[in-house]
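Just so you know, residue 1 is the first one in the sequence shown, and it goes up from there.
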Amino acid sequence: MAIERLRVFENHPFRVEMDSQMKDLQDSIKQYGIITPVIVRPRKEGYYEIISGHRRIFAAEKLGYRKVPTIIRYMTDDQAVIAMVDSNLQRERIQPSEKAFAYKMKYDVLKRKSGRRKAGQVDHNSGKKGLSDCQEMHFELMENDNPNLNHVIGKLWTKLNQKENMLSAKVIEDFREQTEEHFHPVDGMNAGEIKEMVSYYVQAKIIENKLDVKVENVILSGSRCRGIEKIGSDLDVMVDYKGTIREDDFFNILHEESFAIAGIAVDINPITEDKMGSLAKYLESAEQYLKEKTQERKLEKPSVREKIKQAKQITQEKKKVNTEKSKNAER
């Protein structure tokens, strides 16, 4: 994408300047080009806002580049702030004052998200004070030689973690509730019972292979968790875990045997936060995908096989009703 179509993120907290690191980056671009595309989001004004890659764009422009490799992401304002902060905090050298302002931006987003209540929901914490010293920080006082800077950042970071944990737990809870509501029983077992059975199987494999694994969550996923499965669809299950074993090695161990429930193959996919990101973010993406698939299923015409199955079910139900009527008539 042409650099002239890109704009700096509004209130971007990280300085972009010609220092030794920037010169190293320019040397790398001269030799290898821009390996990692920059991430942008479209704006209604017609330009694209930079989420990640401000330094790469600065370096490339100074080298005479007119275009840079770009990935376009569609994000809300809040999602864009979090993505921008998280991507930039990976850098090795960041001024403490920059970190503080970035954490403040992220904290404000999380605070807004946690404060959005459903209609009729009562806020039992109203009237309680938060960390006002963190919320009302005056960044003009937060220079590198300020002895209170690390203390303030530490408190803010703790508060951010608490907010993120609360939001993550809510996302996981909501996903499970949706699954319980839409899941079609398998051999009389509901979603919770299926999850429990898979959990036992996974734990047995961990013990059998003496694995350094701690299972954090077992989540039913895929089409069956929203009741939109087709005939022969697998039971998809995510296992969120912590441990030293790699995801692909753990996957192979879990699939050494053909694990099935009531004749339905169970596809267990182990995931870790290090590789896939947080479970909550993963589930948010999965939920969006499932909503799209649900809409597609509503528009689809049933296949011949599905029509036959539906016809058989209707016939069986009619026979059952007629049998009941006959029994009642005999009485």
Side-chain angles (χ1 to χ4, degrees), residues 164-297 300 303 305-306 309 313:
E164 282 189 319
N165 290 338
M166 289 170 57
L167 289 169
S168 296
K170 187 68 169 64
V171 169
I172 295 170
E173 179 187 351
D174 289 347
F175 192 91
R176 281 184 168 144
E177 286 180 357
Q178 288 292 316
T179 298
E180 289 287 351
E181 180 181 345
H182 296 98
F183 186 80
H184 296 148
V186 174
D187 199 26
M189 291 182 286
N190 61 30
E193 292 167 326
I194 294 291
K195 187 204 84 168
E196 188 175 4
M197 184 176 289
V198 174
S199 297
Y200 288 147
Y201 173 80
V202 172
Q203 287 297 337
K205 282 292 183 183
I206 292 171
I207 295 170
E208 177 187 334
N209 293 274
K210 299 179 181 178
L211 303 177
D212 175 25
V213 170
K214 179 184 177 183
V215 175
E216 299 288 326
N217 286 285
V218 176
I219 308 283
L220 268 62
S221 59
S223 59
R224 288 186 179 273
C225 79
R226 292 298 176 269
I228 55 173
E229 71 274 8
K230 295 183 179 181
I231 296 171
S233 293
D234 290 350
L235 260 167
D236 295 311
V237 183
M238 289 186 298
V239 174
D240 173 37
Y241 76 96
K242 291 181 179 178
T244 55
I245 188 170
R246 290 172 34 175
E247 290 181 9
D248 51 354
D249 292 334
F250 194 17
F251 177 90
N252 291 334
I253 289 172
L254 294 174
H255 290 80
E256 286 174 341
E257 305 168 23
S258 297
F259 179 46
I261 298 176
I264 299 173
V266 180
D267 185 12
I268 306 174
N269 296 288
I271 64 171
T272 60
E273 185 170 350
D274 290 341
K275 189 170 183 180
M276 299 297 295
S278 71
L279 178 62
K281 289 182 179 178
Y282 187 95
L283 291 179
E284 285 178 334
S285 299
E287 188 67 73
Q288 184 60 40
Y289 171 78
L290 289 167
K291 284 180 181 178
E292 293 172 0
K293 296 303 291 184
T294 300
Q295 288 299 116
E296 290 177 12
R297 287 288 284 161
E300 284 180 3
S303 65
R305 188 178 178 183
E306 288 174 326
K309 185 180 179 181
Q313 288 176 341

Check N217, I219, D267, I268 against M238 for a side chain to side chain contact (heavy atoms under 4.5 Å, CB included) and give me the one that passes.
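Output: one option passes, namely I219.
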Among V215, I271, V213, N269, which residue satisfies the side chain to side chain contact (heavy atoms under 4.5 Å, CB included) criterion with V239?
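Answer after filtering V215, I271, V213, N269: V215.
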Partners passing salt bridge (charged side-chain N to carboxylate O under 4.0 Å, His left out) against E257 (at least two apart in sequence or in another chain):
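Salt bridge (charged side-chain N to carboxylate O under 4.0 Å, His left out) list for E257, sorted by chain: K205.
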Any side-chain to backbone donor/acceptor pair from [X] onto [Y]? Under 3.5 Å, distance only.
X: E216; Y: K242; value: no
X: E193; Y: N190; value: yes
X: Y241; Y: E247; value: yes

What is the minimum heavy-atom distance between [X] and [Y], and which atoms define it?
X: L290; Y: C225; answer: CD1-SG, 3.6 Å
X: A262; Y: V186; answer: CB-CG1, 3.7 Å
X: M189; Y: M197; answer: SD-CE, 3.6 Å
X: S221; Y: V237; answer: OG-N, 4.0 Å
X: V218; Y: S199; answer: CG2-OG, 3.4 Å

Determine whether [X] and [Y] make a side-chain contact, defined as any pair of heavy atoms from C-beta on separated by less than 4.5 Å.
X: V198; Y: F259; value: yes
X: I253; Y: L211; value: yes
X: I194; Y: F183; value: yes

Can you tell me how far the [atom1] atom of [X] sits from the [atom2] atom of [Y], to the nearest 0.5 Å?
X: F250; Y: H255; atom1: CZ; atom2: NE2; result: 10.5 Å
X: K210; Y: I207; atom1: NZ; atom2: CD1; result: 12.0 Å
X: E229; Y: L235; atom1: CD; atom2: CG; result: 8.5 Å
X: E284; Y: D174; atom1: CD; atom2: CG; result: 10.0 Å
X: L279; Y: K281; atom1: CG; atom2: NZ; result: 12.0 Å
X: K195; Y: Y200; atom1: NZ; atom2: OH; result: 9.5 Å

Hey, mind stepping through S233 and R224 against side chain to side chain contact (heavy atoms under 4.5 Å, CB included) and telling me if it holds?
CA-CA 8 Å; S233 293; R224 288 186 179 273; 4.1 Å; yes
Is R226 salt-bridged to E287, going by a charged N under 4.0 Å from an acidic O?
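Counted as a salt bridge, because a side-chain N and a carboxylate O are separated by less than 4.0 Å.
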Output yes when E296 and K293 qualify as a salt bridge under the 4.0 Å nitrogen-oxygen rule, no when they do not.
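Yes, E296 and K293 are salt-bridged.
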